[in-house]
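Below: the structure, in structure tokens.
Naming convention: chains lettered A, B, ... in sequence-line order (proteins, then strands); numbering from 1 in each chain. Hydrogens, waters and symmetry mates are skipped; everything else that's a heavy atom, side chains included, is used. Quantities reported herein were computed from a predicted structural model and do not represent experimental measurements.
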Amino acid sequence: MSKRIVIGQLGPTLDKGYKRNRWENWRPTISICQHEDHLIDQFELLFQKKFQDLADQVTEDIKSISPETKVNHHRIEYRDAWDFQDVFSGLYDFADNYNFDTDNNEYVVHITTGTHVSQICLFLLTESRHFPAKLLQTSPPRRKRSNEPGSFNIIDLDLSKYDHIAQRFLLEQTRDLDFLKSGIATRNTLFNRMMEQIEHITIHSNDPILLTGPTGAGKSQLAKRIYELKNQKRQIQGPLVEVNCATIRGDTAMSTLFGHTRGAFTGAATARKGLLVEANNGMLFLDEVGELGPDEQTMLLRAIEEKRFLAVGADKETQSEFSLICGTNRDLLNEVKEGRFREDLLARINLWTFKLPGLAERRDDIEPNIEYELSQLTRNTGRQVHFNNEARRHFLEFAMSEDAFWSANFRDVNACMRRMATMAPSGRITQSVVKDEIERLNQSWQTPITCNEKDNNILLKILGTQRIEEIDIFDIAQLRTVVNVCFESSSLSEAGRKLFAASRKQRKTINDADRLRKYLAKFDLDWQTIKKSS
Amino acid sequence: MLVIDGQQGEGGGQILRSSLALSMVTGTPFRIENIRAGRRKPGLMRQHLTAVRAAKKICDAYVIGDEIRSTELTFRPGTVKAGEYHFSIGTAGSTTLVLQAVLPALILANGKSTVTIEGGTHNPFAPPFDFLQKTFIPLLNRMGPTVEMTLDRHGFFPAGGGSFRVEIVPAEKLTGFDLMNRGNIVRKQATAIVANLPIDIAKRELEVIQKKLSFSTDCICYKQINDTPGPGNIVTIEIESESLCEVFTGFGEIGRAAEAVANRAIQMCQRYLKYGAPVGEYLADQILLPLAIAGRSQFHATFMSQHTQTHIDLVQKFLDCRISVDDRQRDGVTITIL
């Protein structure tokens, strides 16, 4: 049987009374122990030293009406009982030093007595579980001077225990989740669970989020939705600033991101704020964050950690507070290993990482996405577009089969629906439209790089099987061409001239050999090694 | 195991208290279900819990369900131990009720006992001390034991703080009696007591009594007491006849005129005097249990409440006796225990 322990402050006004007629008044602390249906085993009475006499009187009275109750005195000193910090600290220290035994006791915190400030503090400390307790609110009897103990209300702050409130929360959560998913009733369990997590984090945290996954998986779409949800919840007021880091490489990158002062460099006729400042109080979405140069990475790290950074040419730091979402289709861990991405920056943005699966990994979501695209098309064109029953079955069968690669993911879905809608006679997508589209899709998914065996053998010779497996097909194709050019050239400079023939015309300084050397170095290759294998 | 339905009859705490008393006297274990089921706050309240714990202490009982608001209780009594007991009772007023639960066992125990009870001694929802001392105990003593009650200090609702002592010399067995006639009235007395309140209240109450019951001046007395923590007021009218002394009580309450307090006692007294029956409504209810234990008794009461009917049903579950009620008479009810 658990003991019930009340923790309550002595009410210097409400509990006051030394004369015999004190029993005619409602005294909250006394009233707690007067209820026939509540047995209080222990009362932790908190009061300031100057109220010792009253505490003694109240204790004596409790003993008389409730001999079952053991009253313990606790002195808490405030300089000012209306000073929030003072009172909070006092109550906090009490809670901190008190030995709560929740396995054997049930605790209630009485909040009817004390200043409003102390009531607020007790509420906050109970809500934060520093007091592992329920709240107790007492009030006088309806009939004045009636000797009745009045009301005794226990309030449990665990909102999940209230069906009605829990239902509302669930409804709101469903609505938010629906919003994040653009109203698409996705079916994939893993994807849905991930979206639930994202919804929770969006609402409960301001930490950076990292979205990874193949191109077209919906990273920037999701980032936009996260921003809008945060904005709806009034968590951020500023704008959403989107940057694709791949587009801001080179000299202007620093000033694009962090701004510059007037005259910071040649051509800087006016000052520029920079995207980070624009995102102040809002959200910054850095897509393709793996493409950021080393200097920008350093500055960004500082901007995230300290909320301040130096604009180009400025001698005073600029401040900006923003939520950060990063997107990448690269393996950033690998980028760190290769020395292309700062480890500390990754650690900072990698707090919440979500890998958005490609469409091929969640084929059960293809149908709802097709429905979504159809409804979007109808909305945007003002023209109803439907599938024929037969055509729908045919298309879905193909779309969900292993034959459909969906290599550009949602971009593919979007494009193909667009095409079919355009081709649909009077808004009906027919069997023949579907047939044509399937053919078109199949063609577009045919791997353009058919690996030439001879060429592959050359690379195999130079790099070895193990090394080749670590390199993307994307890079292999380029490397193969570069190596072939090298074979046909007599020197590094000649090969460089051939390889950079087009861009060298526009350049002021030319160092093609150096460019080629650096490129080869990425694969741990050099001119000598290649020449030796030829 | 004997199972008692706690919501039968008036369905209050008395079924529980009487079950405890009878269980200890007979050594019969019982389980009571649906305790106070129909009430606004069902289950065991503090005062009931106190009674259960007092009973448990006196006979070393094995108890399951003795928790606040519990609606089911199992009580397996051990041997009743005479001795010195002290009970502190909260929420002023349940002291006499706790005594009801333990007294029958102690008057049949193996030795002398002293019970001290602290708390409320005069509460509108329980038999006041004066009634037990002057009406109930003398009749109980007529059955064999010697019980003496002494008030040390008054305790009024809500402050409590009262105390009384009960000295018990037990009897080997109880002997029943007949109480069919009142006989002549030999003494009348009205007493008004105020605690921590103006004496004027007591005087006003007595004035009304004097007038309405035509009491002479030497039949009234008032007292002002200051040794109790809270305020309180009580007025009692004693009617002593050849066969017993009946006590009628009015309780002072905040917002209630002294005259109204006196009137309540007067009305009860007038009703009692009008009928010829010796046993008043409250006494009928109280005396039934020990008389049923004693066996072979008969009494004539002014009125039978639902409390008493519930009590009759309960008593017959624990005891091997038959109780018949004859309510065909014009001036009251005859209850016969065989």
Side-chain angles (χ1 to χ4, degrees), chain A residues 1-6 15 17-43 56-71 104-106 108 138 140-154, chain B residues 13 36 39-50 53 63-70 86-95 97 117-120 123-125 153 155-163 194-198 225-232 251-256:
Chain A
M1 196 164 59
S2 72
K3 286 208 295 182
R4 178 176 271 182
I5 300 180
V6 174
D15 286 332
Y18 299 100
K19 295 194 193 131
R20 297 277 157 91
N21 67 4
R22 66 184 181 277
W23 291 100
E24 290 172 21
N25 300 322
W26 178 76
R27 291 179 293 163
T29 298
I30 304 288
S31 83
I32 291 171
C33 305
Q34 273 181 312
H35 289 267
E36 262 294 282
D37 54 338
H38 294 285
L39 181 62
I40 311 299
D41 296 284
Q42 205 170 309
F43 203 120
D56 290 340
Q57 178 69 69
V58 164
T59 305
E60 194 194 309
D61 288 348
I62 289 178
K63 199 175 162 238
S64 169
I65 52 155
S66 182
E68 301 100 317
T69 309
K70 181 171 182 276
V71 183
N104 296 309
N105 303 323
E106 183 209 358
V108 286
T138 53
R142 248 175 274 157
R143 211 152 51 87
K144 244 191 151 186
R145 290 169 33 104
S146 71
N147 271 340
E148 279 156 32
S151 74
F152 185 106
N153 283 315
I154 289 190
Chain B
R36 304 180 67 254
R39 301 302 173 97
R40 196 166 62 86
K41 291 173 179 171
L44 294 177
M45 296 290 106
R46 272 166 64 193
Q47 55 152 319
H48 308 122
L49 205 53
T50 317
R53 288 182 181 161
V63 182
I64 308 172
D66 53 338
E67 282 175 45
I68 201 95
R69 285 187 234 216
S70 163
H86 186 112
F87 302 116
S88 272
I89 292 152
T91 56
S94 43
T95 51
L97 293 176
I117 310 190
E118 285 181 70
N123 174 310
F125 307 108
R153 205 166 53 241
F156 294 99
F157 182 80
S163 160
V194 286
N196 307 309
L197 289 171
I225 51 175
N226 293 309
D227 61 345
T228 183
F251 294 94
E253 245 179 83
I254 291 175
R256 193 155 181 218

With no hydrogens and no angle check, is any side-chain donor or acceptor of E36(A) less than 3.5 Å from a backbone partner on Q47(B)?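 Between the backbone of Q47(B) and the side chain of E36(A) there is a qualifying donor-acceptor contact (under 3.5 Å).
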Taking the side chain from T95(B) and the backbone from G119(B), do they hold a donor-acceptor pair closer than 3.5 Å?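 No: the side chain of T95(B) does not pair with the backbone of G119(B).
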Relative to chain B, which segment of D61(A) carries a heavy atom at a distance below 4.5 Å: side chain, backbone, both, or neither?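 Contact with chain B: none, neither part.
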Qualifying residues under ring-ring contact (aromatic ring centres under 6.0 Å, His included), relative to F251(B), sequence neighbours excluded: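 Result, ring-ring contact (aromatic ring centres under 6.0 Å, His included) vs F251(B): none returned.
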Got a sec, which residues hit salt bridge (charged side-chain N to carboxylate O under 4.0 Å, His left out) with R4(A), two or more places apart in sequence or on another chain?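 Result, salt bridge (charged side-chain N to carboxylate O under 4.0 Å, His left out) vs R4(A): E106(A).
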Please flag which part of [X] lies under 4.5 Å from any non-hydrogen atom of chain A: side chain, backbone, both or neither.
X      : result
R53(B) : side chain
D66(B) : backbone
L44(B) : neither
T50(B) : side chain

Looking only at side chains, do R46(B) and H38(A) share a donor and an acceptor under 3.5 Å apart?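 Absent: no donor and acceptor within the cut-off.
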